[in-house]
Asker: 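I'd like to ask some things about the structure below.
Indexing begins at 1, ligand by ligand and atom by atom, following the structure's order. Computed from a prediction, not measured in an experiment: that's the story for all the values here.
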Amino acid sequence: MENKKRIMSGMRPTGKLHLGHYLGVIKNWVNLQDEYECYFSIADWHALTTKYNQTQDMKQNVQDVLLDWLCSGIDPEKSTIYLQSLVPQTASLHIYLSMITPQNWVERDPTLKDLAKIMNQERENMSNLPYGLFGYPVLMTADILTFNAHLVPVGIDQVAHVELSRDIVRRFNNIYGVEYFIEPQPKLTKVPLLKGLDGNKMGKSFNNDIKISDTAEITQKKIMSGITDRNRIRKDDKGNPDNCEVIFDYWKIFGTEEEVNEICECCKCATIGCADCKRKLAAKINEQMAPLREKRQELENNEKLVKEILYEGSKKAQIKAQEVLDGAVEVIKMYK
Ligand code: TRP
Ligand code: SF4
């Protein structure tokens, strides 16, 4: 336990997670749990940076993310699963880091620029951003440094944030003259990219996703709406799987090599119709998701246990967080 490297990552609670999250992020986390000391944060303060006036769904969203993680195999016996706002040490650390971070380092952040555009209806204007949103890259640094983590498994879109964290760490260590914080490294893993059913990026706001928590019926219905080879109009038209952007792509992700080859052959000589092909695919996905969905349902019926898991995890997180914070406070030479 002691000599394992530490991993920290997080997700904003924005609602029920989809299969893109599952395949792209969560499965990867699940695989890291044995080799590393893992801290996984439901980043509710991060959600508040943009949704401060839409908090009516916050509690439900936190619970949904937690259920999705747990049913997917994030294991509270192995990893520390916590709620960001239940670990106030991160807020203390954020204050200290905010003192040493130049404003223009934050302004450079590409994700922040995008957020600013959304908040300002496409005008890139940083000056009217809420103070909290502006400081969000520093808050993310505080998340990572709360556990003095070595590695941060993130998607490519978050790498710039980890780079900023490294810059802040170097500055901190330099200013206070001790190699106190570890420079965190982004940990990228190659994962299959799951498109949305309409061929665009999968996202809940586009209404083109399949949720971990969807029923088999809903999953099937959604799959039936997926894009196929647009040139294949009638069932006896020969198809071309290479032009079947979504459904054949899904086959490659959810099917075995043998199944993929068979679908490919049958499509090319029109011995399978698209409706049948989709029904088969839906059955395949449902079969793989069934155990998770069952577990999710079980947990959902046991609200007390689920809450306890989050509180226990947050308590555990606080212990490591306090240790790291105490060290930082000492390094900064605060009165004690
Ligand atoms: N900022 C990340 C996102 O929007 C979520 C996140 C919050 C995070 N804190 C983190 C990721 C710490 C890695 C480490 O997706
Ligand atoms: Fe796509 Fe399947 Fe239709 Fe072929 S049969 S075009 S692979 S949905």
Asker: Does any N or O in the side chain of Asp44 come within less than 3.5 Å of the main-chain N or O of Ser85, such that one atom is a donor and the other an acceptor?
Answerer: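 Yes: the side chain of Asp44 pairs with the backbone of Ser85.
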Asker: Distance to 0.1 Å, residue and atom name: give those for the protein heavy atom nearest to atom 8 (S) of ligand 2.
Answerer: Thr228 CG2, 3.4 Å
Asker: Tell me the contacting part of Gln158 for ligand 1: side chain, backbone, both, or neither, using a 4.0 Å heavy-atom threshold, strictly below.
Answerer: side chain
Asker: Run the numbers for me: atoms of ligand 2, each under 4.0 Å from some heavy atom of Ile247, listed by number.
Answerer: 8 (S)
Asker: So for Arg232, does at least one of its heavy atoms come nearer than 4.0 angstrom to any atom of ligand 2?
Answerer: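 Yes; Arg232 lies near enough to ligand 2 that a heavy-atom distance drops under 4.0 Å.
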Asker: Give me the one residue out of Trp29, Tyr82, Tyr22 that meets ring pair (Phe, Tyr, Trp, His ring centres under 6.0 Å) with Trp69.
Answerer: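 The residue from Trp29, Tyr82, Tyr22 that satisfies ring pair (Phe, Tyr, Trp, His ring centres under 6.0 Å) with Trp69 turns out to be Trp29.
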Asker: Give me the one residue out of Arg296, Lys16, Lys211 that meets side-chain hydrogen bond (donor to acceptor under 3.5 Å, both in side chains) with Asp68.
Answerer: Arg296
Asker: Give the ring-plane orientation class for His18 versus His21, where under 30° counts as parallel, over 60° as perpendicular and anything between as tilted.
Answerer: parallel
Asker: Taking NZ, NE, NH1 and NH2 as the nitrogens, is one of them in Glu35 or Lys5 under 4.0 Å from a carboxylate oxygen of the other?
Answerer: no
Asker: Report the part of Val152 (side chain from C-beta onward, or backbone N, CA, C, O) that has a heavy atom under 4.0 Å from ligand 1; answer both or neither where that applies.
Answerer: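 Side chain only.
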Asker: Suppose we only count N/O/S atoms under 2.8 Å; would Cys267 qualify as near atom 1 (Fe) of ligand 2?
Answerer: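 Under 2.8 Å: Cys267 has no N, O or S contact with atom 1 (Fe) of ligand 2.
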Asker: Under 3.5 Å, is there a donor-acceptor pair linking the side chains of Gln220 and Asn286?
Answerer: no
Asker: Anything under 30° is parallel, anything over 60° is perpendicular, the rest tilted; go ahead and classify Tyr180 against Phe172.
Answerer: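 Judged by the thresholds at 30° and 60°, the geometry between Tyr180 and Phe172 is tilted.
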Asker: Checking the side chain of Lys78 only, and the main-chain atoms of Cys38 only, is there a donor and an acceptor separated by less than 3.5 Å?
Answerer: no
Asker: Considering only heavy atoms, which of Arg12, Met11, Met8 lies nearest to atom 14 (C) of ligand 1?
Answerer: Met8
Asker: Just need the protein heavy atom nearest to atom 5 (C) of ligand 1, so name the residue and atom and give the distance.
Answerer: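 The protein heavy atom lying closest is Gly10 O, 3.5 Å.
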Asker: Taking only non-hydrogen atoms of Ser9, do any sit less than 4.0 angstrom from ligand 1?
Answerer: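 Per 4.0 Å heavy-atom rule, Ser9 contacts ligand 1.
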Asker: Which of the numbered atoms in ligand 1 are below 4.0 angstrom from a heavy atom of Ala43?
Answerer: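 What qualifies from ligand 1 is 7 (C).
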Asker: Quick check: does Asp143 get an N/O under 3.5 Å from an N/O on ligand 1?
Answerer: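 Yes, since at least one N or O of Asp143 sits under 3.5 Å from an N or O of ligand 1.
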Asker: Could a heavy atom of Cys277 be found less than 4.0 Å from some atom of ligand 2?
Answerer: yes
Asker: How close does the nearest protein non-hydrogen atom get to atom 1 (Fe) of ligand 2, and which residue and atom is it?
Answerer: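 Protein heavy atom with the smallest distance to atom 1 (Fe) of ligand 2: Cys244 SG, 2.4 Å.
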Asker: Is Asn148 reaching over with its side chain to a backbone N or O of Ile182, donor-acceptor style, under 3.5 angstrom?
Answerer: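 Yes, the answer is positive, given that a donor and an acceptor are paired below the 3.5 Å cut-off.
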Asker: Under 4.0 Å from ligand 1, counting heavy atoms only, is it the side chain of Val154, its backbone, both or neither?
Answerer: side chain
Asker: Let me see the working for Lys222 and Thr219 under side-chain contact (heavy atoms from CB on, under 4.5 Å), right down to the final yes or no.
Answerer: CA-CA 5 Å; Lys222 288 182 173 175; Thr219 302; 5.9 Å; no
Asker: Atom 4 (Fe) of ligand 2 and Cys274: any N/O/S contact shorter than 2.8 Å?
Answerer: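 No, outside the cut-off.
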Asker: Suppose I only count heavy atoms of Asp229 and a 4.0 Å limit; which atoms of ligand 2 are within that range?
Answerer: 6 (S)
